[in-house]
2 protein chains.
Amino acid sequence: MTGQNRPSDAAPDARDHLHGDRMGDALSDAATDPVEKAATPGTSKKRSARPSRARSGAGARRVTLAQVAEVAGVSRSAASFVLTGRTDQRISDETQARVRSAAAALGYRPDVTSQILRTGQSGTIALVSEFVASTPYANRIIGAALDQARKHDTVMFIAETLGEKDTEERLLQNLVDRRVDGFIYASMFTQAVTIPDVLRGIPLVLLNCCAPDDRVPMVIPDEVEAGRAAAQTLLQHGHGEGIHYIGGPTLDFRGGPEWGGRVGTAVHDRLAGVKQELAHAGQALAGISETDNWEPQNGREAVATILAQGRAPTALICANDRLAFGAYQALAAAGLRIPEDVSLVSFDHSDLAGWLQPSLSSIALPHEEMGALAVDLLMSEKPRTGKHAIRMTLHQGNSISAPHPS
Amino acid sequence: MTGQNRPSDAAPDARDHLHGDRMGDALSDAATDPVEKAATPGTSKKRSARPSRARSGAGARRVTLAQVAEVAGVSRSAASFVLTGRTDQRISDETQARVRSAAAALGYRPDVTSQILRTGQSGTIALVSEFVASTPYANRIIGAALDQARKHDTVMFIAETLGEKDTEERLLQNLVDRRVDGFIYASMFTQAVTIPDVLRGIPLVLLNCCAPDDRVPMVIPDEVEAGRAAAQTLLQHGHGEGIHYIGGPTLDFRGGPEWGGRVGTAVHDRLAGVKQELAHAGQALAGISETDNWEPQNGREAVATILAQGRAPTALICANDRLAFGAYQALAAAGLRIPEDVSLVSFDHSDLAGWLQPSLSSIALPHEEMGALAVDLLMSEKPRTGKHAIRMTLHQGNSISAPHPS
DNA sequence: GCTCAGTGCTAACTGCGTTTAGCGACTCCC
DNA sequence: GGGAGTCGCTAAACGCAGTTAGCACTGAGC
C-alpha cells in the first residue's frame, strides 16, 4: 500500500509504509502471546527514506492548536478552553472571538487521536455483528442504526466478525483500544449469546440477541406476539380447524442443538404465539411441518408432503417469507389458488412478500425500529435494562381470505 | 452515555473521566476488585512489579510500556525496540527475552491511540459505501472484503454514508482523522463517482464504481462480457430471432439523467454486450422493453405488454433476477412454460435465481471476487491502476432450452 | 496601606508509545 | 596508547490536545 494508487501524486504523506511485520516478527515465538500482532504494519527494516514533506494537498492539512493559539496571540491553554467551550474558565469575550476566528481562518480541526489519548473518549460507537452487514437478511438494522446515530450526532462504525471467535476477539480488542465509547452487539437472527469479556465495563446494548445478564439492555422482536397476530388474523377471517404451521420448532440454524427451539428465539416463539392464540379461541393447529431450514425448497417440500397426505389445509402459517415462497410454488404446482383455496400468512415481511402474487400477508421483523432503539438506548444516560420486546406488525397482503367452503 | 448499562457493575472506568479521584479509585479498587479496573494504574512511581493479574477478565486495565520496561529492568526505549522488532537497534538476546516475557506476564497490549499519534499510521483500512451494508443487494462484497482483510492480517472497518454527501464528508473526515491507512470506496451498484477531496493523498481503491482518474485502481464487473455470455448461451441453444431484452437502457436509478445509460454501467453494458454478440451471429434483438425500475413488478408488466402485442418471444434476457422473477410470474399467468415455451436468462445470480422453479440461469455479479480483489489491491505495494474488469460467469439453471418449434 | 475576591490568562504536566541523539564500555588495530 | 569502531543501552524529545495549578493584575472594602 505504498502509493501508486493515489489520486493525487502530489504529496506523499506520513501514511507511506511498507508491509514488514513488526509485531508479528517480534512475538511470533510467544505462543500464548498476549501482545498479539495488532495488525500494526511495520516501519521496521527499510523505512521509506522519503522525507515526510508532510502537508500540501487539501487532505494533508494539519493545523494544530498551537498554531491557532499563536495566530490569536494567546496560549494553547486559552485556545483549548475557548474551542472546547469550557465555561468554568474565564476568557474574555474579545479573546474568545480572536481564537475562534483564528481557528476558522486556519481551518483548524482538532486531532482526534490526541483527543482520544488525552480524554479516553472517542465520541464514536460501533455496531458489531457476525453477519448482519455481510448477508442480505437483516441489513435494515444497519441503515436504521446509522440513521439514528446521525441524529445523535455520533459516528458509528460497523464491524463484522464473520462468526469467528478469533476474529471477533481481535476486532473487539482493536475497537476497545480505539476507545470506542459504546457497543451494539448485534446478531443476524435472534439468539442467545455470551457477552465477550473485552466488552465488560463498556456501555453495551444487545441487538437481536440476548444474554443472561439483566443489566444489559437487549432489543429483540416480540415473536410470541407476532405468532399470536398471525393466528389471530386467520381466525378473524374464519379459519379454525385447517391451519397448518410450517417451520417447526426443531430448526437448528447455527446455534447448536441446545439452542434449537429455545424460548426467546423466532423458532420457538412464533409457534408458541400461534398455539396460544389458537388455544384461546378453542382451536389447535391441524399440523406442524418441521423443516431443516427455512428456504423456499423446504417450504415446497413441506407443502408437497402435506398435500400428499390428503386433506388440504385451509391456511398455512409459514415461519418466514422464504418458506412461504416455497409454499406458493407447491400450491401452484398442485393447482391450488391463493387465497381462494389456501390462505397464507408468514413472518419477516421481507421484500419477497411484496414480490409474490398475490402479495403475501406477513408479520414484519421490525429491523428498522430495533436498530434505531438500540442506538437510542446506547446513547441514553440511564437506559432501561433488560429485554425490550419490539412489536411485530402484520402487513396485509392479499394472501388471506375466508376459508374455502369444503 | 454514562453507564448504567454496564454488564459489569464495577464502577467507573477510564471512559468516565473523573480525573479528580481517579487514582483513589484505582487503588481502592485494586483492593476490592482484583479483576478488572478501568482507572489508569497509578502514576507508577513506586509500585514495582505488581502481581501479574495478567489479563484477568478483560476490561483489565491497560498495562503500559513503562510497566513492562520496569518489570524487565530496562528503559522504555529498549522495551519498545524489542516489542516493535526494530532490527536496526542492538538489544541482546537475553534482554529481548526478558522484555518479551515481562510483556507476556503482564498481558501488555500497546495503546493503539498512542501508536497512531506517534506514527501517524493505524494499521487499519476502511470500506466506505452508500448502501452496500445497509441494503440486501451487494452484501457479499463486504463478507469477501472482510475475509480478505483478515488474510492480510488487517482490521477493516465498514462505514456507510446512506448516500448523503454531508454524512459522507463527516464520516470520511473522521476516518482520516483516525489515520485509517487506506480506503475502499464502494458503491451498491456500478456507477461513476467523484473521489471526495478528503481522500486525496491516501491509498484508495474504487469498488464497483469508477472515476475519471486513472491513477486509482477500480474494480468493476465486466458487464459487456456478461451481456455477450447471456446472448451466447441462448444462441448456443438455438435461439436467434425471438430474443427479447427486458431492462432497457434508460434506467435512471439514482445517477441522474446524464448517468442513465452511460458506458460503464450495468444498464448500458449488459445490453451492449448482448447486442454485440447477437450482431456477431448475424442476429438482432426482437425487442427491448425499457423499464423504470428493475423490480418484479416491472418484469411482470413488461412481459404482459410483450405478450399482449402478439408473438411470444422464444427467449427473454432480463437485466436482473428480480425482473426475471416478474417475467416468471407473467409467463405463468399466461400459461406459458419455462423453458419449453420461453427460455430465460438473467443477470446477478442472486439467491432468487436458485429459489425460482425452474431455477434461473443467471450471470453472476462477482461480488465476492470484487471485494477480495479490492482489498488485495489496496494492500499491494504497487497495485495495477485503472480498471480491473471482473469476469461475470454464467450459472446454469434450468430456464433455458431449445426454442419451441413454432 | 493592606487584605481579599475576582478576572483573565499561562506554564507545565498528562496520556503513552516511538524515535533520535548519544553515552559508557569494550574491542580492535596500527 | 590513541583513535576508530562496535555493542548495548538510556535520556529526552516528540506527536497533540486537555487539564490543573497558579500567577499577575484590578478594584473593592476596611
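Side-chain atoms are counted along with the backbone in the values below, which use heavy atoms only and exclude waters and symmetry mates. Residue numbers begin at 1 in each chain, while the letters A, B, ... track the order of the sequences.
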S.K.: For A:L65, which contact category applies under a 4.0 Å heavy-atom criterion: base, sugar-phosphate, or nothing?
M.R.: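 Here A:L65 touches the backbone only, sparing every base.
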
S.K.: Just checking B:T113: base, sugar-phosphate only, or nothing, at a heavy-atom cut-off of under 4.0 Å?
M.R.: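 Since no nucleic acid heavy atom lies under 4.0 Å of B:T113, the category is nothing.
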
S.K.: Nearest to the side chain of A:D111 - D:dT19, D:dC16, C:dT18?
M.R.: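 Output: D:dC16.
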
S.K.: Considering all heavy atoms of both residues, which atom of A:A133 and which atom of A:I158 are nearest to each other, and what is their separation?
M.R.: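 That closest heavy-atom pairing would be CB-CG2, 4.2 Å.
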
S.K.: How many Å lie between CD on B:Q115 and P on C:dT18, as a whole number?
M.R.: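 Distance check: B:Q115 CD to C:dT18 P gives 4 Å.
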
S.K.: Is the shortest side-chain N to carboxylate O distance from A:K151 to A:D376 below 4.0 Å?
M.R.: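 Judged by the 4.0 Å cut-off on N to carboxylate O distance, A:K151 and A:D376 do not form a salt bridge.
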
S.K.: Between atom CD1 in A:I116 and atom P in C:dG15, what is the gap in whole Å?
M.R.: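 Checked: the CD1 to P distance equals 17 Å.
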
S.K.: Which residues in residues 73-80 of chain A have at least one heavy atom lying under 4.0 Å from any atom of DNA chain D?
M.R.: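 Residues of residues 73-80 of chain A that come under 4.0 Å of DNA chain D are, in numerical order, A:R76, A:S77, A:S80.
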
S.K.: Do A:N174 and A:R178 have a side chain donor and acceptor closer than 3.5 Å?
M.R.: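 Short answer, yes.
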
S.K.: Strictly below 4.0 Å, N to O, side chains only: are B:R100 and B:D93 in salt-bridge contact?
M.R.: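 Salt bridge flag = no for B:D93 with B:R100.
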
S.K.: Of the listed nucleotides (C:dT20, C:dG8, C:dT10), which one gets closest to any side-chain atom of A:S92?
M.R.: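 Ranking C:dT20, C:dG8, C:dT10 by closest atom to the A:S92 side chain puts C:dG8 first.
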
S.K.: Is the shortest distance from a Lys or Arg side-chain nitrogen in B:D111 or B:R118 to a carboxylate oxygen in the other one below 4.0 Å?
M.R.: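 No, this pair does not count.
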
S.K.: Check the distance between D:dT19's P and A:I91's CD1 and give it to me in whole angstrom.
M.R.: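 After rounding, the gap between these two atoms is 14 Å.
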
S.K.: Please list all pairs meeting side-chain hydrogen bond (donor to acceptor under 3.5 Å, both in side chains) that have one or both residues in residues 75-84 of chain A, counting only residues at least two apart or in different chains.
M.R.: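 Counting only pairs at least two positions apart or across chains, no side-chain hydrogen bond (donor to acceptor under 3.5 Å, both in side chains) contact touches residues 75-84 of chain A.
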
S.K.: Among A:L127, A:T124, A:V180, which residue meets the side chain to side chain contact (heavy atoms under 4.5 Å, CB included) test with A:M156?
M.R.: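 Running side chain to side chain contact (heavy atoms under 4.5 Å, CB included) over A:L127, A:T124, A:V180 with A:M156 returns exactly one hit, A:L127.
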
S.K.: Which atom pairs link the protein and nucleotides 23-28 of chain C when you take only N or O atoms and keep those under 3.5 Å?
M.R.:
none

S.K.: Let me check the geometry of the helix from C:dG1-D:dC30 to C:dC30-D:dG1. What is the bend angle between the axes at its two ends, five pairs each, to 10°?
M.R.: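 Both end axes considered, the difference amounts to 70°.
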
S.K.: Rounded to whole angstroms, how far apart are CD on A:Q67 and P on D:dG15?
M.R.: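 The distance from CD of A:Q67 to P of D:dG15 comes to 11 Å, rounded to the nearest Å.
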
S.K.: In chain order, what residues pass the side-chain contact (heavy atoms from CB on, under 4.5 Å) check against B:S101, with sequence neighbours excluded?
M.R.: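 Testing B:S101 for side-chain contact (heavy atoms from CB on, under 4.5 Å), a comparison that skips the adjacent residues, returns none.
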
S.K.: Check for a donor-acceptor pair, side chain of B:Q96 on one end and backbone N or O of B:I91 on the other, with a separation under 3.5 Å.
M.R.: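 It does hold such a pair.
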
S.K.: Side chains of B:T167 and A:R150 only: does a donor on one sit below 3.5 Å from an acceptor on the other?
M.R.: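 A donor-acceptor contact under 3.5 Å links the two side chains.
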
S.K.: Without decimals, in angstroms, what is the distance between B:Q121 CD and C:dT19 C1'?
M.R.: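 About 14 Å, once rounded to whole Å.
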
S.K.: Where the side chain of A:D177 meets the backbone of B:V112, is there a donor-acceptor pair that is under 3.5 Å apart?
M.R.: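 Absent.
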
S.K.: On DNA chain D, does the nearest nucleotide to B:R118 precede the nearest nucleotide to B:Q89 from the 5' side, or the other way round? Give the residue.
M.R.: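 That would be B:Q89.
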
S.K.: May I ask you to verify if any side-chain N or O of B:R86 is less than 4.0 angstrom from the OP1 or OP2 atom of C:dT18?
M.R.: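 So the side-chain polar atoms of B:R86 never come under 4.0 Å of the phosphate oxygens OP1 or OP2 of C:dT18.
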
S.K.: Roughly, in whole Å, what's the span from CG in A:L83 to P in D:dT19?
M.R.: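 In whole Å, D:dT19 P and A:L83 CG are 13 Å from each other.
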
S.K.: Tell me which of B:R98 and A:S114 sits closer to the 5' end of DNA chain D, going by the nucleotide each one is nearest to.
M.R.: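 The residue closer to the strand's 5' end, by nearest nucleotide, is B:R98.
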
S.K.: For A:Q96 and C:dC9, give me the distance from atom CD to atom P, rounded to whole Å.
M.R.: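 About 9 Å, once rounded to whole Å.
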
S.K.: Quick one: list whatever passes side-chain contact (heavy atoms from CB on, under 4.5 Å) with B:V74, sequence neighbours left out.
M.R.: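 B:V74 satisfies side-chain contact (heavy atoms from CB on, under 4.5 Å) with B:A69, B:A72, B:A78, B:A79, B:T95, B:R98, B:V99 once adjacent residues are dropped.
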
S.K.: Atom CG of A:L117 and atom P of D:dC14: how far apart are they, to the nearest Å?
M.R.: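 It works out to 17 Å between those atoms.
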
